[in-house]
Amino acid sequence: MILITGSAGFIGSAIAAFLNRQGRADLVLCDTLGTGEKWQNLVGLKFAEIIAPSELFAALATRRDIETVIHMGACSATTETDADYLLANNTQFSSRLCRWSLENGARFIYASSAATYGDGALGFSDDPELTFKLKPLNAYGFSKWLFDCEVVKNRWHEQVCGLRFFNVFGPNEYHKESMASVVYRAFPLAAREGRVRLFESYREGIPHGEQRRDFVYIDDSLAVIDYLLKRPSVHGIFNVGSGIAHSFNELARGVFAGLGIAGRIEYFPMPEELRDRYQYYTVADLSRLTAAGFARLPDRFEEHVARYVREYLRPGLKQWQDGKREGG
């Protein structure tokens, strides 16, 4: 059996669907569904059961059939200011689940974040020894960093896998609202009016829209997870990205390509509260992942953006125009 936490979320539901396609239905799903539409990400999936996070550890106390834990559950809002809430959900829950996995011989793969790197002043190496020196810019990154520190301090990274996801985008992210990818959030205006609005730059030498991030399509992220699932002897904390930084201007062009329009880009002031905490450049150092045997995937960023728009967002255009989300 495979336990997937955060299973109704963006990456978690993609993992469950991916495992279904491989013939695995022996999945125990764990998530809080609430009153929103996140439950729709579970429609069509095959799984054994679903458990609420509040009931998980009571259930695990009597189970011995979990062979792998894929821990994607977390509060992923980089704007969340309740640090106690983040510590409880992202740090302490992760620590408890990791300890259970190690004590019960289950492979443990968990989601960390590129937010742990802060402004990138120390680079983006996932060398575990550099973990303690990182300085996250927000409480979310701090909560993820604290757990990474615990993993390294206890040398759990020699037994588990941590995944520092960079900017993942793709289907099933609609429920993330303001935390959804820039592709998703840019689509409605691009579809209605043929324009994309991007933040102005406040750093000398970086033109508007040339702020760069390592954007990675969900399928490429799944390829990394699949690689690790098939190689239980591989352990460590690994970056999950493309290894290439692309500009927001390039992203906008990909959105326009998916819509089949020329389009235009507009720039607007960045909120003052973000200016001191904004990442102008991120890129995943994939050297340790490739050293572990993973073959780097080709750079198809604009193609992936266009495909996402064309195959997933554009078909739901009428729903967008009616004020509803896209369907998948």
Side-chain angles (χ1 to χ4, degrees), residues 1-34 36-53 55-56 59-60 63-74 76 94 97 100-101 104-112 160-163 165 168-176 180-181 183-184 216-232 234 238 240 289 294-295 297 300 304 307-313 315-316 319 325-328:
M1 300 287 281
I2 299 176
L3 168 64
I4 306 174
T5 71
S7 53
F10 171 33
I11 298 178
S13 63
I15 293 171
F18 178 81
L19 290 171
N20 277 180
R21 292 194 294 272
Q22 293 191 327
R24 299 291 301 260
D26 56 334
L27 310 179
V28 177
L29 307 185
C30 176
D31 210 334
T32 300
L33 301 182
E37 298 182 328
K38 192 167 67 169
W39 61 270
Q40 295 190 40
N41 285 348
L42 302 180
V43 174
L45 294 182
K46 297 178 181 179
F47 53 92
E49 61 183 301
I50 184 167
I51 302 173
E55 301 173 357
L56 178 61
L60 289 178
R63 303 191 69 130
R64 296 294 181 268
D65 59 344
I66 303 296
E67 62 186 43
T68 301
V69 174
I70 305 177
H71 178 42
M72 298 290 115
S76 60
S94 298
L97 187 56
W100 181 92
S101 299
N104 289 272
R107 181 153 170 75
F108 186 72
I109 300 174
Y110 75 94
S112 181
V160 308
C161 286
L163 305 179
F165 289 105
V168 186
F169 66 98
N172 281 15
E173 59 171 316
Y174 61 89
H175 65 279
K176 297 180 68 175
S181 72
V183 180
Y184 180 87
V216 55
Y217 194 54
I218 184 63
D219 289 358
D220 291 350
S221 301
L222 293 174
V224 174
I225 294 170
D226 181 51
Y227 182 83
L228 295 174
L229 286 173
K230 292 176 178 176
R231 291 162 181 80
V234 176
F238 302 107
V240 179
L289 185 61
F294 181 78
L297 300 171
R300 297 187 295 167
H304 282 318
R307 175 191 169 198
Y308 179 30
V309 170
R310 183 174 58 251
E311 297 182 9
Y312 294 97
L313 300 182
Q319 289 181 309
R325 65 163 180 83
E326 49 93 3

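Nothing fancy with the numbering, it's 1 onward along the sequence.
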Quiz item: Judged by modelled atom types alone, do Tyr312 and Asn172 share a side-chain donor-acceptor pair under 3.5 Å?
Solution: no

Practice problem: Mark yes or no for whether Lys176, through its side chain, and Gly9, through its backbone, hold a donor-acceptor pair below 3.5 Å. | Solution: no

Practice problem: Ignoring hydrogens and angles, tell me if any N or O in the side chain of Ser7 forms a donor-acceptor pair with the backbone of Cys30 under 3.5 Å. | Solution: yes

Would you name the heavy atoms of [X] and [Y] that are closest together and state the gap between them?
| X | Y | value |
| --- | --- | --- |
| Glu173 | Ser181 | OE1-N, 2.6 Å |
| Met72 | Thr5 | N-OG1, 3.0 Å |
| Ala106 | Trp100 | CB-CZ3, 4.2 Å |
| Val160 | Tyr110 | CG2-CE2, 4.3 Å |

With the side chain counted from C-beta on, respond yes when [X] and [Y] share a heavy-atom pair under 4.5 Å apart, and no when they do not.
| X | Y | result |
| --- | --- | --- |
| Arg300 | Tyr217 | no |
| Asn20 | Leu27 | yes |
| Phe18 | Ile225 | no |
| Arg107 | Leu228 | yes |
| Leu42 | Asp31 | no |
| Phe238 | Val224 | no |
| Leu60 | Leu97 | yes |
| Asn41 | Tyr174 | yes |

How many angstroms lie between [atom1] in [X] and [atom2] in [Y], if you round to the nearest 0.5 Å?
| X | Y | atom1 | atom2 | answer |
| --- | --- | --- | --- | --- |
| Ser101 | Leu3 | OG | CG | 7.5 Å |
| Leu313 | Tyr184 | CG | OH | 7.5 Å |
| His71 | Ser112 | NE2 | OG | 10.5 Å |

Quiz item: Which residues pass the salt bridge (charged side-chain N to carboxylate O under 4.0 Å, His left out) test with Arg24, sequence neighbours left out?
Solution: Asp26, Glu67

Quiz item: In chain order, what residues pass the salt bridge (charged side-chain N to carboxylate O under 4.0 Å, His left out) check against Arg63, with sequence neighbours excluded?
Solution: Glu49, Asp65

Quiz item: How are the rings of Phe294 and Tyr227 set to each other: parallel, tilted or perpendicular (split at 30° and 60°)?
Solution: perpendicular

Exercise. Show your working on side chain to side chain contact (heavy atoms under 4.5 Å, CB included) between Phe165 and Val216 and close with a plain yes or no.
Key: CA-CA 9 Å; Phe165 289 105; Val216 55; 5.8 Å; no

Quiz item: Is the closest basic N to carboxylate O distance between Asp219 and Arg307 below 4.0 Å?
Solution: yes

Quiz prompt | Trace of the side chain to side chain contact (heavy atoms under 4.5 Å, CB included) decision for Leu19 with Ile4 | solution = CA-CA 11 Å; Leu19 290 171; Ile4 306 174; 4.0 Å; yes

Self-check item: Pair Ile70-Leu229, side chain to side chain contact (heavy atoms under 4.5 Å, CB included): steps then yes or no
Solution: CA-CA 10 Å; Ile70 305 177; Leu229 286 173; 4.1 Å; yes

Quiz prompt | Of Val183, Asp220, Ile218, the residue whose pairing with His304 passes side-chain contact (heavy atoms from CB on, under 4.5 Å) | solution = Asp220

